[in-house]
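Lettering follows sequence order; numbering is per chain, from 1.
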Amino acid sequence: MLTFTKHLQLSAIVVTGLALCAHGAQAPQRIDIKQLSKTVEDVVVPLPNEIFGALNKLGAVNWKEHVRTDKGASFTERPRIALLLGTVIADGFVAVQAEDAPAVKEIGQRVLTLAKGIGVGNSITPHSKAIIEAADKRNWESVRQELDRTQNSVQQAMNEVHDEKLSQLVSLGGWLRGTEVLTSVVTKHFSADGAELLHQPDLLSYFQTRLQAMPEFNLPIIHEIQEALVDVKPLIDVGNARISPASVKKISEITTRLGNGIVTRD
Amino acid sequence: MTPFVKTLFCQVILLVMLGSFQPGAFASVDDAQSFALQAAEPYVKQGFQVREDYWGGDLGSGEKKAVRQQLFKGNEYWFWLGTEVERAKISVHIYDSDGKLAEEPDGWEKGHFAAAHVIPKATGSYFIIVSVEESPEERTHWALVYGFR
């Protein structure tokens with residue numbers, strides 16, 4: 001019997017072979033996007049490290065100054081826990097960028113506590129353990145992978161019990177924290193390419209639509225986020241124009257305020 | 001053998017036969033995802049981080065689906081499409097928000113695997129078009145995963 005590793009190696013060889021000998025059919029050079037409107041799937045929300053990776057390529061970033069490990073307040077409201085969980089997972093990606101093992105381990109533990117708070121602790125326990133073990137070995141690639149798996153498992157577990165809205169709040173929390181860090185970095189060392197990473201109007205519209213469909217989550221922080229996204233939209237939805245330093249600073253202020261709101265009690 | 005046991009035995013045999021003659025009968029998007037991940041495997045060794053999240057569904061022959069995705073300038077992306085239907089022919093292509101083909105020329109498709117490569121010239125929304133070109137099945141499961149570096 002083939003071992004799993006051997007199977008993977010063989011698969012890799014087969015697929016590499018396929019890639020070498022296969023050629024794609026000619027795709028049309030242009031398509032009518034408007035005709036696709038009925039067949040478009042929802043966006044997959046990018047992970048913070050996808051943005052951080054692009055940011056890193058623009059120049060050295062002092063990630064250590066963005067690491068956050070304070071436990072903050074404890075909440076009982078599930079939407080608040082979901083938002084906080086998303087931001088804490090994003091904090092994990094920041095700590096990985098900073099290669100800060102103690103912070104990663106603390107965040108791994110915090111993720112587990114929060115996941116238990118919304119009833120999905122069981123699916124997170126192995127990931128939390130793996131995050132802590134990988135941080136001990138300073139295996140940052142594994143930590144990144146486990147953080148992605150953590151978010152995925154949390155969201156799958158929520159979707160299975162029809163808590164899709166909470167799952168969306170996890171994504172939103174992560175996106176807000178990622179945007180807070182991105183704008184903080186770009187505000188300090190402005191570059192047009194750095195500011196361009198904020199050009200995410202469809203993603204912002206996606207979150208707006210999702211929040212509008214959550215009237216049952218009648219919490220001040222949710223209303224605050226809804227109002228803030230209205231303010232952020234024109235700053236990033238600039239078409240082919242550039243996002244200005246003033247806009248980046250404004251978004252930084254807004255997302256910092258929201259970030260503080262997510263981690264502290266009303 | 002009691003009638004109940006006989007009936008149960010026959011039902012089990014029938015299920016096993018169905019499973020043997022129609023391998024696609026119990027297939028799912030999860031199977032398609034396994035193939036998409038299999039296509040991604042060699043790229044992990046090249047430093048691509050493959051996302052856990054993925055899109056999936058089923059399409060009839062000749063049908064297409066568009067997936068909207070936020071991509072960031074500075075990153076490099078591969079999208080891998082897979083299906084468990086071995087004799088199916090599938091494809092994946094990447095367009096920018098204006099509908100212009102945005103992919104690199106090294107994309108490939110071979111039977112139930114396909115892949116497309118993009119190095120975004122601008123940060124923004126892109127459309128990933130997945131298609132089942134041909135398939136012996138009425139509906140063909142597909143799954144799309146992506147990786148970046």
Is it the case that more than 12 heavy atoms not belonging to A/Lys165 sit under 6.0 Å from its NZ atom? yes
If we ignore hydrogens and angles and just use 3.5 Å, is the side chain of B/Tyr95 paired with the main-chain N or O of A/Pro28 as donor and acceptor? yes
Polar side-chain atom of A/Asp148 near backbone of B/Glu52 as donor-acceptor pair, under 3.5 Å: yes
With no hydrogens and no angle check, is any side-chain donor or acceptor of B/Lys100 less than 3.5 Å from a backbone partner on A/Arg30? no
Verify the distance criterion only: is there a donor paired with an acceptor across the side chains of B/Tyr146 and A/Glu50 at less than 3.5 Å? yes
Taking atom CG of A/Asp32 as the centre, does the number of heavy atoms from other residues, nucleotides or ligands within less than 6.0 Å exceed 12? yes
Taking side chain as everything from C-beta outward and backbone as N, CA, C, O, which of these in B/Ala122 sits under 4.5 Å from a heavy atom of chain A? Side chain, backbone, both or neither. both
Distance-only, no hydrogens or angles: does the A/His199 side chain make a donor-acceptor pair with backbone N or O of B/Thr123 under 3.5 Å? yes
Side chain to side chain contact (heavy atoms under 4.5 Å, CB included), that's the test. Do B/Ile129 and A/Ile31 meet it? Break it down for me. CA-CA 10 Å; B/Ile129 311 292; A/Ile31 56 167; 3.9 Å; yes
Taking atom types as modelled and ignoring hydrogens, do the side chains of A/Asn49 and B/Gln49 form a donor-acceptor contact shorter than 3.5 angstrom? yes
If I measure from the heavy atoms of chain A, does B/Arg149 come under 4.5 Å with its side chain, its backbone, both, or neither? backbone
A/Leu47 versus chain B, the contacting section by heavy-atom distance below 4.5 Å: both
